[in-house]
Each structure stands twice: as structure tokens, then as C-alpha cells.
Amino acid sequence: MKSELDIKKEMCEIGRRVYDRGMVASNDGNFSVKLNDNEYLCTPTGVSKGFMTPEYICKVDGEGNVLEANEGFRPSSEIKMHMRVYKERLDVNAVVHAHPMYATTFAIAGIPLEEPIMPEAVIALGSVPIAKYGTPSTVEVPDSIAEFLSRYDAVLLENHGALTYSDSLLNAYHKMESLEFYARLLYQAKMLGGPQILSQERVEQLYDIRRQMGLTGRHPGIDK
Ligand code: 13P
């Protein structure tokens, strides 16, 4: 089993990847990891997630109250959004919030990612809905995502960014990468006159592959 320090180091590494891949600007984005029902590690508010060291990471309880934080650090302002995911999804152990360029562009345009255009995106995500705009840091954001949590592992936040979650931090981060790659392909295909859409029969074949792979999490094409 990973030690708390190992998990904090992993959070710093994921922060570097999110920042280096341009999935956030400046101090944006946040992520959290569940240790147990009463303890969660989360990124601090107002720092670049690309330059964190383990002392930056805060610990909160199931309501988002501070349990541990080094001087100068407070939990993410979006901790309520993370806590709603853990409350509704007992299979989730990590949550990632970022503002990747293409996914956020769709969120700002109010266009959900629905076209089946490539096998990996169909298998990993299916479609990606948009949760209604809420003011960041308020309960409006957790309330807006609530309706999607039981069927989706990736949600766009209207005029804001994207949210992914999974059974591990690496898997939650990978979902963010897959979401951004899908959004970028869809955007670029639209620029070339529009994507070719996979037929329903082809999509069903991909759902079958997902079932055979035994992937964790939820999928809108399979979890009706
Ligand atoms: P925090 O630094 O408070 O986590 O907020 C960053 C962010 O992206 C808010 O949406």
C-alpha cells in the first residue's frame, strides 16, 4: 500500500503533467485523493499545480474541513465539488479538475462531446455532457454536476473547464488526457468540414470491447 508521502509525491507529479501539457494556466486546476471515508488529500488553493512539493498538500475531512495544512496553505476553493463526487460515487478514489484548452472551448461554446468519432474515446468516455454553469467555489458547482455522476466519469463545466474522476489518481488524470484529446480531434475535424461519425453498430462493438476489458468506472453507453 502507498504511504501518504508517496501519494503526495504522486499529486505533485500529476500537477507537473497537468501544467506542462497546458491543461491549466497559472494557478488553475485542483485534484484530490481519498485516503479513507474521513480523510482526503487535496491541492492547496492559489498555487501553480506545476511546482508543488509534498508540503503543499492539505488534508480535509469528508465535509471539506481542514484536518492538516502547513502554514501558508489552504485547501482548494473547489473542495466542495470534489466532496460531492466522493459522496455520490463510492468507487471513486481521486478527482481531477483542469481547464484544458479544447475541452474548455467546448464548455464555453455550450457544446457537449457527443459524436462517436474514434474508438479510444468511445471506449474510455462515450460521450461527455456539460453541467450547467455555477460560480466557482460555491455549492452551485457541486449541485450542477450531481445529475451526471452516476453515469459519467467525465463532465464539462459550462464556461469553466472539465472534471474527471476514477478509482486512482493516475486513472482520473488519464481520463482528463483522453477527454482533451477527444475534444481536440472533434474541434479539428469540425474545422475540416465535420467528422465522419461511427455507425451505431460500430459503437456497440466498442461497448462490447469495453465490457470485455473489465474497465472500472461508469460509461453512459453501458450504465443506462
Ligand atoms: P484553487 O487554486 O482554489 O484550487 O482554484 C483553481 C481553479 O481552477 C478554480 O476553478
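Counting convention: from 1, in listed order, for ligands and their atoms alike. Computed from a predicted model, the values in this text were never measured in an experiment.
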Show me, pair by pair, the donor-acceptor contacts under 3.5 angstrom made by side chains of residues 55-62, not counting sequence neighbours?
residue: Glu55; atom: OE1; partner: Thr53; partner atom: OG1; Å: 2.9
residue: Lys59; atom: NZ; partner: Glu4; partner atom: OE1; Å: 3.3
residue: Lys59; atom: NZ; partner: Glu4; partner atom: OE2; Å: 3.1
residue: Lys59; atom: NZ; partner: Glu39; partner atom: OE2; Å: 3.3
residue: Asp61; atom: OD1; partner: Glu63; partner atom: N; Å: 2.8
residue: Asp61; atom: OD1; partner: Gly64; partner atom: N; Å: 3.1
residue: Asp61; atom: OD1; partner: Asn65; partner atom: N; Å: 2.9
residue: Asp61; atom: OD1; partner: Asn65; partner atom: ND2; Å: 3.4
residue: Asp61; atom: OD2; partner: Asn65; partner atom: ND2; Å: 3.1

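- A salt bridge links Asp153 and Arg89; the closest N-O separation between the charged side-chain nitrogens and carboxylate oxygens is under 4.0 Å.
- A salt bridge does not link Asp143 to Lys132: none of the charged side-chain nitrogens sits closer than 4.0 Å to a carboxylate oxygen.
- Remark: Arg211 engages Asp208 in a salt bridge, criterion side-chain N to carboxylate O under 4.0 Å.
- Ring geometry for Tyr40 against Tyr86 counts as tilted: the plane angle lies between 30° and 60°, on a 0 to 90° scale.
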Taking a 3.5 Å cut-off between nitrogen or oxygen atoms, can you list every pair linking ligand 1 to the protein, with distances?
residue: ligand 1; atom: 2 (O); partner: Gly46; partner atom: N; Å: 2.9
residue: ligand 1; atom: 2 (O); partner: Lys49; partner atom: NZ; Å: 2.8
residue: ligand 1; atom: 3 (O); partner: Thr45; partner atom: OG1; Å: 2.5
residue: ligand 1; atom: 3 (O); partner: Ser77; partner atom: N; Å: 2.9
residue: ligand 1; atom: 3 (O); partner: Ser77; partner atom: OG; Å: 2.6
residue: ligand 1; atom: 4 (O); partner: Asn30; partner atom: ND2; Å: 2.8
residue: ligand 1; atom: 4 (O); partner: Ser76; partner atom: OG; Å: 2.7
residue: ligand 1; atom: 8 (O); partner: Gly29; partner atom: N; Å: 2.8
residue: ligand 1; atom: 8 (O); partner: His99; partner atom: NE2; Å: 3.4
residue: ligand 1; atom: 10 (O); partner: Glu78; partner atom: OE2; Å: 3.0
residue: ligand 1; atom: 10 (O); partner: His97; partner atom: NE2; Å: 3.3
residue: ligand 1; atom: 10 (O); partner: His160; partner atom: NE2; Å: 3.0

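- Remark: side-chain polar atoms of Glu158 are not paired, donor with acceptor, to backbone N or O of Ile130 under 3.5 angstrom.
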